[in-house]
Enquirer: 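One structure coming up, written as structure tokens, with questions to follow.
Chain A is the first sequence line, chain B the second, and so forth, proteins listed ahead of strands; every chain is numbered from 1. As a basis for the values below, the full set of heavy atoms in this structure was taken, side chains included, without hydrogen atoms, waters or symmetry mates.
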2 protein chains.
Amino acid sequence: MSTPTPKITPLVDPVARPGPVNNPCAACAIRDLSVCGALKPDEISRLNAIVVQKTVNAGATLFIEGDPADAHYIVLDGCIKLYKMLPDGRRQITGFLFRADFLGLAFRQRYAYGAEAVSTATLCRFPRERLEALLDEFPEMERRLLSISSSELASAQDQMLLLGRKTAAEKLASFLWLLSKRAALKETDWRRLDLPMMRSDIGDYLGLTIETVSRTFTQFKKSGLVSFTRPDAVQLDDIDALAELAGVEESWQPSTAM
Amino acid sequence: MSTPTPKITPLVDPVARPGPVNNPCAACAIRDLSVCGALKPDEISRLNAIVVQKTVNAGATLFIEGDPADAHYIVLDGCIKLYKMLPDGRRQITGFLFRADFLGLAFRQRYAYGAEAVSTATLCRFPRERLEALLDEFPEMERRLLSISSSELASAQDQMLLLGRKTAAEKLASFLWLLSKRAALKETDWRRLDLPMMRSDIGDYLGLTIETVSRTFTQFKKSGLVSFTRPDAVQLDDIDALAELAGVEESWQPSTAM
DNA sequence: CGCCAACTTGATAACATTCAATGTAGGTGG
DNA sequence: CCACCTACATTGAATGTTATCAAGTTGGCG
């Protein structure tokens with residue numbers, strides 16, 4: 001379940017050059033969405049000096065639970081899943097990361113979870129020691145990290161409510177709602193969602209089996225809530241019904257990170 | 001379910017005096033366990049200037065989801081539960097707080113969860129604005145907060161694994177294991193646990209019903225894993241079996257906060 | 001063209017919930 | 001002081017949602 005079969009789409013330049021030659025961070029489109037935005041224009045080169053850009057294929061493992069935590073990452077593109085496992089192989093996906101999301105909170109010696117690429121993904125990799133040294137220097141960056149950490153905590157609490165108290169249909173509706181909100185924040189059309197992750201990932205995220213995920217999708221199709229062109233592209237036809245199922249209160253501001 | 005019937009045990013002085021008269025923070029026994037430990041001895045009075053000590057009865061509501069988030073708290077004594085609710089009343093308890101735990105992470109305008117006293121509890125209350133102003137002044141304090149936030153995130157991930165993938169028996173064993181670890185960190189005997197919360201709280205924390213909690217406890221009793229003198233005091237008779245059930249790996253360092 | 005992985009659908013079974021009754025302890029009032 | 005009341009906990013029986021086991025289906029790729 002965890003040894004992946006890498007696929008073959010290295011679309012992005014595997015390793016970018018840090019250092020003075022060019023200054024990719026300065027031109028970074030998502031800088032202001034993440035911790036990097038805490039630095040003033042003339043300080044950006046400090047980041048550039050420690051970052052290495054990295055592309056991983058779908059299915060590739062970034063690290064597993066228990067690995068020495070020697071780096072933090074920011075997702076530039078693609079989708080990463082974080083997960084924890086029980087000794088017998090049962091798995092819980094604790095989150096999906098997309099563009100601009102931070103990976104590596106939990107400042108400890110070892111990662112408390114595994115990370116694997118759902119689709120081909122590009123990340124900025126910051127050596128742990130050196131990034132944390134920058135935090136000492138730039139309190140504003142630490143402030144941002146605290147803010148990110150707080151949002152993730154809030155999302156985690158939402159997810160606990162989902163896992164502990166929602167039915168299969170409510171879980172799936174909440175999942176679609178969440179993806180839709182994220183899509184709306186970015187450029188994408190929020191009615192038409194990509195589902196880069198497979199059914200087993202969705203199941204492991206929602207505390208369900210593949211079969212239940214599939215059956216619930218069919219049920220949604222029959223009720224006119226959603227429609228599919230391909231299994232990995234869903235159209236939300238009745239957002240209100242989905243929101244109702246998800247248990248979303250009116251005027252609710254969903255958390256930014258999953 | 002949320003309007004409580006306050007009980008009658010105001011054991012502690014309801015409101016302590018801040019200000020120059022005395023300096024309770026300086027004498028605080030748990031200072032070093034929390035954010036306050038970030039301040040040097042001569043800076044402690046800054047905290048003292050903004051803190052108000054507060055005692056709440058069992059069942060009392062500190063705040064509910066959606067209330068303006070105007071304060072942070074540190075638990076001095078007693079037990080507080082945090083929870084989220086669905087529109088129809090289903091509830092998920094996202095954590096229990098004990099001595100030295102921080103309450104109020106999630107730096108937003110409104111609380112994303114409710115907080116209620118499980119047992120009579122004493123807290124230090126810090127007005128939000130003023131505490132956050134102190135953070136600007138003392139980066140070390142912010143650092144501690146980030147560290148607390150990270151631990152809570154790790155605990156939240158553990159809890160997602162529990163809620164999404166563990167059976168009733170595994171959930172309950174994990175819960176006892178967690179309480180035991182916490183007790184071991186403090187003064188208490190780790191074999192003999194207080195359960196200040198009622199069965200419905202345990203159920204809402206583990207994503208189970210009262211009945212399942214009760215049945216699973218009796219099952220544990222029959223198997224010789226635990227024994228009860230009173231419903232709110234459990235003795236762990238077979239820790240190894242509980243750890244095994246909980247899915248705890250050898251040499252595992254459980255997170256400090258629930 | 002056929003294989004393989006992912007997904008869907010069906011039949012059965014299990015675990016936990018629901019509904020219902022009983023048990024227990026602490027507190028209150030007669 | 002004892003009986004009663006209420007809140008919490010336990011136990012029992014029936015139901016149901018979701019998991020499990022087992023075929024099929026689809027689509028991409030060699």
Enquirer: I'd like to know whether CD of A:Gln235 has more than 12 heavy-atom contacts from other residues, nucleotides or ligands below 6.0 angstrom.
Expert: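 Counting other residues, nucleotides and ligands, CD of A:Gln235 exceeds 12 neighbours.
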Enquirer: Distance check needed: C:dG23 C1' versus B:Arg230 CZ, whole Å only.
Expert: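 Whole-Å distance recorded here is 18 Å.
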Enquirer: Nearest nucleotide by nearest heavy atom, which residue falls closer to the 5' end of DNA chain D, B:Arg199 or A:Gly207?
Expert: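 Looking at the nearest nucleotide for each, B:Arg199 comes out on the 5' side.
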Enquirer: Using nucleotides 2-4 of chain C, report all nitrogen or oxygen pairs with the protein that are shorter than 3.5 Å.
Expert:
none

Enquirer: Mind calculating the distance between CZ (A:Phe228) and P (C:dA6) to the nearest angstrom?
Expert: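 Distance, rounded to whole Å: 17 Å.
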Enquirer: So how far off straight is the helix from C:dC1-D:dG30 to C:dG30-D:dC1, going by the axes through five pairs at either end, to 10°?
Expert: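 Roughly 20°, once rounded to the nearest ten degrees.
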Enquirer: Restricting to side chain to side chain contact (heavy atoms under 4.5 Å, CB included), what partner residues turn up for A:Ala69, sequence neighbours left out?
Expert: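 Scan of A:Ala69 (side chain to side chain contact (heavy atoms under 4.5 Å, CB included), adjacent residues dropped) gives A:Tyr111, A:Arg128.
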Enquirer: Can you name the residues that form a side chain to side chain donor-acceptor pair (under 3.5 Å) with A:Arg199, not counting sequence neighbours?
Expert: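 Scan of A:Arg199 (side chain to side chain donor-acceptor pair (under 3.5 Å), adjacent residues dropped) gives none.
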Enquirer: Under the ring-ring contact (aromatic ring centres under 6.0 Å, His included) test, which residues partner A:Phe102, sequence neighbours left out?
Expert: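 A:Phe102 satisfies ring-ring contact (aromatic ring centres under 6.0 Å, His included) with A:His72 only.
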Enquirer: Given D:dT11, is OP1 or OP2 found less than 4.0 Å from the side-chain N or O atoms of B:Thr218?
Expert: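 For B:Thr218, the contact criterion (side-chain N or O under 4.0 Å from OP1 or OP2 of D:dT11) is met.
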Enquirer: Check A:Asp201 with A:Arg91, please: is the shortest side-chain N to carboxylate O separation under 4.0 Å?
Expert: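 Judged by the 4.0 Å cut-off on N to carboxylate O distance, A:Arg91 and A:Asp201 do form a salt bridge.
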Enquirer: Of all residues at least two apart in sequence or in a different chain, which pass the side chain to side chain contact (heavy atoms under 4.5 Å, CB included) check with B:Ser119?
Expert: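 For B:Ser119, the residues satisfying side chain to side chain contact (heavy atoms under 4.5 Å, CB included) (neighbours in sequence not counted) are B:Cys79, B:Pro196.
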Enquirer: Can you tell me how far C1' of D:dT10 sits from CG of B:Asp232, to the nearest Å?
Expert: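 Checked: the CG to C1' distance equals 15 Å.
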Enquirer: Rounded to whole Å, please give me the gap between CD1 in B:Ile210 and C1' in C:dT24.
Expert: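 Rounding to the nearest Å, CD1 of B:Ile210 and C1' of C:dT24 are 16 Å apart.
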Enquirer: Is the closest side-chain heavy-atom distance between B:Leu195 and B:Leu179 below 4.5 Å?
Expert: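 Touching, per the 4.5 Å side-chain cut-off.
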Enquirer: Check every atom of D:dT18, C:dT8, D:dT10 against the side chain of A:Ser214 and return the nucleotide holding the closest atom.
Expert: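 My answer, after comparing the listed nucleotides, is C:dT8.
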Enquirer: For the pair made of CZ in B:Arg165 and P in C:dC15, what is the distance, rounded to whole Å?
Expert: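 For the pair B:Arg165 CZ and C:dC15 P, the rounded distance is 16 Å.
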Enquirer: Using salt bridge (Lys or Arg N to Asp or Glu O under 4.0 Å) as the criterion, list what pairs up with A:Asp88, not counting sequence neighbours.
Expert: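 In terms of salt bridge (Lys or Arg N to Asp or Glu O under 4.0 Å), with neighbours along the sequence ignored, A:Asp88 is linked to A:Arg90.
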Enquirer: Are there any protein N/O atoms within less than 3.5 Å of an N/O atom in nucleotides 20-22 of chain D, and if so, which ones and at what distance?
Expert:
from: D:dT20; atom 1: O4; to: A:Arg215; atom 2: NH2; distance (Å): 2.7
from: D:dC21; atom 1: N4; to: A:Glu211; atom 2: OE2; distance (Å): 3.0

Enquirer: Filter on salt bridge (charged side-chain N to carboxylate O under 4.0 Å, His left out), then keep only pairs touching residues 223-233 of chain A, sequence neighbours left out; what's left?
Expert: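 Applying salt bridge (charged side-chain N to carboxylate O under 4.0 Å, His left out) to every pair that reaches into residues 223-233 of chain A, excluding sequence neighbours, yields A:Arg230-A:Asp232.
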Enquirer: Checking B:Arg165 now: which residues fulfil salt bridge (Lys or Arg N to Asp or Glu O under 4.0 Å) with it, not counting sequence neighbours?
Expert: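 Checked B:Arg165 against salt bridge (Lys or Arg N to Asp or Glu O under 4.0 Å); matches are A:Asp204.
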Enquirer: When the distance from CZ of B:Arg90 to C1' of D:dT17 is rounded to whole Å, what number comes out?
Expert: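 The distance from CZ of B:Arg90 to C1' of D:dT17 comes to 13 Å, rounded to the nearest Å.
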Enquirer: Who are the side chain to side chain donor-acceptor pair (under 3.5 Å) partners of A:Thr212, not counting sequence neighbours?
Expert: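 Listed in chain order: A:Thr209.
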Enquirer: Show me the pairs that pass side-chain hydrogen bond (donor to acceptor under 3.5 Å, both in side chains) and involve residues 218-227 of chain B, at least two apart or across chains.
Expert: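 For residues 218-227 of chain B: B:Ser227-B:Asp237.
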Enquirer: Given atom CD of B:Glu170 and atom C1' of C:dC15, what is their separation to the nearest angstrom?
Expert: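 After rounding, the gap between these two atoms is 12 Å.
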Enquirer: Quick check on DNA chain C: between B:Leu208 and B:Pro231, whose nearest nucleotide comes earlier from the 5' end?
Expert: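 Checking each residue's closest nucleotide, the 5'-ward one belongs to B:Leu208.
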Enquirer: A:Leu206 has an atom CG; how far is it from atom P of D:dT17, in whole Å?
Expert: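 Rounded to the whole Å, the gap is 18 Å.
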